[in-house]
Structure formats: structure tokens, C-alpha cells
Amino acid sequence: AIGLQAEGYVAELTPVDTGRLRGSITHDTDEDSVYIGTNVEYAAYVENGTSKTKAQPYLKPGIENHMSEYEDIARTYLQG
């Protein structure tokens, strides 16, 4: 549930040119963690910028700005 929610927030913030980056946002889990990301090769350049382009953060704020919500989801599932 956390992965799906975070995936949505990250996708909302992802800059769109062709839509490839936004469409590639996904999540994966293991027993203890949720991983949000993409396999698009230029994703880090968009997030962090380069010497020629300004950073357009989408991954970090999409996760960090909703931590309390993710904690609430985890609590609900752990209590359930």
C-alpha cells in the first residue's frame, strides 16, 4: 500500500516531456522496505540536474513530503 501511494505522489511530481519517465515510476518491496524508482537512464539527471540543466526533483520530494502518511499506512497494516 505504501509503494502504490508513494508511486502516485512521485509520478505527480515527475516532469513530463514525452511521458516516458513518468510512466516508468514503479515500486518494489521486500520484507522490510519499499523501493520507489525507475529504470530510465536519464532519471538521475532530471532529479539532480547537470552542469547544463537545472534539477527538477520529483523522487525525493514525492517520498519525503508524505512520510507521515506512509507511517500511518504502516501502522494500520501492522495493527491489522
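Just so you know, residue 1 is the first one in the sequence shown, and it goes up from there.
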Using the ring-ring contact (aromatic ring centres under 6.0 Å, His included) rule, collect all pairs that involve residues 19-41, keeping only residues at least two apart or in two chains.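 Sorted result for residues 19-41: empty, none.
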Sequence neighbours excluded, which residues qualify as side chain to side chain donor-acceptor pair (under 3.5 Å) partners of [X]?
X   : answer
N39 : none
E47 : none
Y45 : none
T50 : T53

Give the other cluster members for V16, using side-chain heavy-atom distances under 4.5 Å between Ile, Leu, Val, Met, Phe, Trp and Tyr residues; answer none if it is isolated.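 So far as hydrophobic clustering goes, V16 is joined with none.
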Please report the interatomic distance CD1(I63) to CD1(I2), rounded to the nearest 0.5 Å.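 If I round to the nearest 0.5 Å, the distance is 11.5 Å.
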Can you tell me how far apart OG1 (T76) and CD (E71) are? Round to the nearest 0.5 Å.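 The CD atom of E71 is 11.5 Å from OG1 of T76, to the nearest 0.5 Å.
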With A1 via side chain to side chain contact (heavy atoms under 4.5 Å, CB included) - residues at least two apart: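 A1 satisfies side chain to side chain contact (heavy atoms under 4.5 Å, CB included) with I73, Y77 once adjacent residues are dropped.
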Determine which pairs satisfy salt bridge (Lys or Arg N to Asp or Glu O under 4.0 Å) with at least one residue from residues 6-31, sequence neighbours left out, and list them in order.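 Residue pairs with at least one partner in residues 6-31: R20-E41.
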Shared ILVMFWY cluster between M67 and L13, side chains joined below 4.5 angstrom?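 Yes, M67 connects to L13 through the hydrophobic network.
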Quick check: closest heavy atoms across [X] and [Y], and the distance to 0.1 Å?
X   : Y   : answer
T18 : Y42 : OG1-OH, 4.5 Å
V46 : P15 : CG1-CG, 3.7 Å
T38 : A43 : CG2-CB, 3.3 Å
G3  : I36 : O-CD1, 3.8 Å

For residues 54-66, which residue pairs pass the side-chain hydrogen bond (donor to acceptor under 3.5 Å, both in side chains) check, not counting sequence neighbours?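 Those involving residues 54-66 do not exist here.
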